[in-house]
Number of protein chains: 2
Amino acid sequence: MTTSPSSRTSARTPTPERRLPGGPVLQDSVTEAIATAFFEELASSGYARLSLEAVAKRAGAGKAAIYRRWSSKLEMTVALASAVAVDAAGEIDTGTLRGDVLAFLTDVAGALRHSLPSRIVPDLLAECARNPELAQALFTAVRDTRRANATRMLERAVERGELPPEVDRELALDLLAGPLYWRLAVIRTPTAPDYLDRLTDKLLAAFTA
Amino acid sequence: MTTSPSSRTSARTPTPERRLPGGPVLQDSVTEAIATAFFEELASSGYARLSLEAVAKRAGAGKAAIYRRWSSKLEMTVALASAVAVDAAGEIDTGTLRGDVLAFLTDVAGALRHSLPSRIVPDLLAECARNPELAQALFTAVRDTRRANATRMLERAVERGELPPEVDRELALDLLAGPLYWRLAVIRTPTAPDYLDRLTDKLLAAFTA
DNA sequence: ACGAGACGGAACGCTTGCGTCTCGACTAGG
DNA sequence: CCTAGTCGAGACGCAAGCGTTCCGTCTCGT
């Protein structure tokens, strides 16, 4: 089977639909333990070296419990990663462009300062350069969703008159996400406490240039 | 042996020091073939999955030829990657800040538009998040060198009066590299022909904000 | 002409992970 | 109470890659 994960257990599960705070929808405690172990192993080993044996062992589960839910490492990764990424992408609307930009940067920084996402995200992105199936799934589920969200953020600023209608959306989106990702996930250098504030000022200047 | 690669062959090699156009210093044709195969395998498999058997096979060499030169995959990667990265990092000095910025962006774009570096660079960066030894070696050999180069570029602009002396160097460096890397290596979206020009304009505005 | 040493290639024993399969234990619905 | 289904655990055969060791060949410098 290559479709909906966990469909085999969903009929008979003791806690039919439990929701972790901030986490994806998980069907039961076994699925939850497997997902947690999966992300921990993914962070420490990377996708390429990820061993489902290690995931099972860390989750205190049997390998069969994994294969009962997902048919392969790829399908498992797409399902779990898309779930948390979509779940974590909340709409931002503070009423001002500066507020929106700062909130966006704060969100990103909050995620990338944690060791799990800061290891997992670059790893999956590198894997996407090599694995078209993973790339297609993650790009449509995560990248395109987030980019559409951020575009709406810019459109609202245009409507409010904070940005000229002819503002270069593409360039603005790259400016919005690039420097912070570069700082935290690429060169991995800590930031001063007012870094996001100063970055926000520069970005606003660049947008209207 | 954990030091200088190829030291065992350098005494007796038929072509004592041959230099590829744009490539690192390679001691002889076997080392050269191994290095080429190494980067091709690295691009298609990633560091974690890289198999020295596959490198040897692709190079038309025996595994012993590899182990005679480097003691491990890690040492081999550090040596070869540092060599090309340092080799490719040329000083930029066009005389104007705008010229320097555009030249820098053009360099980066030129590299990241090729399939080998655009797959290898994100992969090694992701691996650095997981492998302290690799991170230490690559960060000091590549990241710090390049960042120092770019800092000098900013200082020259300050001396020319193109930037105020109190310009935020750290932030400027992140703005310089982040958006383009994001665009080409993270979200992997093609750019319009005048993208670098427009990006340069925005960056100059942000620097002096 | 000779010996030293690197060469490509193949096999070695060993480890890891794959995906499947079989256990006995536990639990829930009928 | 019974039975169907999941549970953890782990053995299975298979494949790949590790690092090493040998082989016979080739090309040097002496």
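Since the structure is predicted, the reported quantities are computational estimates derived from the model, not experimental observations. Below, chain A is the first sequence line, B the second, and so on; all start at residue 1.
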Q: Salt bridge check: are B:Arg147 and B:Asp174 linked by an N-O gap of less than 4.0 Å?
A: yes
Q: Where the side chain of A:Glu75 meets the backbone of A:Ser71, is there a donor-acceptor pair that is under 3.5 Å apart?
A: yes
Q: Could you state the CG-P distance from B:Leu74 to D:dG19, rounded to the nearest angstrom?
A: 11 Å
Q: Rounded to the nearest 0.5 Å, what's the gap from OG on B:Ser82 to CG on B:Leu138? Could you check?
A: 5.0 Å
Q: Roughly how many Å is it from CZ in B:Arg69 to P in C:dG8, rounded to a whole number?
A: 8 Å
Q: Which heavy atom of A:Leu125 sits nearest to which heavy atom of A:Tyr181, and what is that distance?
A: CD1-OH, 3.3 Å
Q: Take the protein atom OH of B:Tyr67 and the nucleotide atom C1' of D:dC22, then report the distance between them rounded to whole Å.
A: 17 Å
Q: Whole angstrom is fine here: how far is it from CD in B:Glu32 over to C1' in C:dC7?
A: 16 Å
Q: Would you indicate, yes or no, if C:dG5 has its OP1 or OP2 atom less than 4.0 angstrom from a side-chain nitrogen or oxygen of B:Arg68?
A: no
Q: Look at B:Arg152 together with B:Glu155 and state whether they make a salt bridge at an N to O cut-off of under 4.0 Å.
A: no
Q: Can you tell me how far C1' of D:dG17 sits from NZ of B:Lys73, to the nearest Å?
A: 10 Å
Q: Using the side chain to side chain donor-acceptor pair (under 3.5 Å) rule, take A:Ser44 and B:Arg130 through it: C-alpha gap first, then chi angles, then the decisive distance, then the call.
A: CA-CA 6 Å; A:Ser44 73; B:Arg130 215 176 293 131; over 6 Å; no
Q: Going through the distances and angles, do A:Thr191 and A:Arg113 end up as a side chain to side chain donor-acceptor pair (under 3.5 Å)?
A: CA-CA 10 Å; A:Thr191 58; A:Arg113 280 195 227 275; 2.9 Å; yes
Q: Using a 4.0 Å cut-off on heavy atoms, which residues in residues 126-138 of chain A reach DNA chain C? List them by number, or say none.
A: none
Q: By a strict heavy-atom criterion of less than 4.0 Å, which residues belonging to residues 48-63 of chain B are in contact with DNA chain D?
A: B:Leu50, B:Ser51, B:Leu52, B:Glu53, B:Lys63
Q: Using the side-chain contact (heavy atoms from CB on, under 4.5 Å) criterion, which residues pair with A:Asp107? Sequence neighbours excluded.
A: A:Ile92
Q: Side chain of B:Val30: nearest nucleotide among D:dC7, C:dC7, C:dG9?
A: C:dC7
Q: Decide, yes or no, whether a salt bridge links A:Arg98 with A:Asp201 under the criterion of side-chain N to carboxylate O below 4.0 Å.
A: yes
Q: Would you kindly give the CD-to-C1' distance between B:Glu41 and D:dA16, to the nearest whole Å?
A: 14 Å
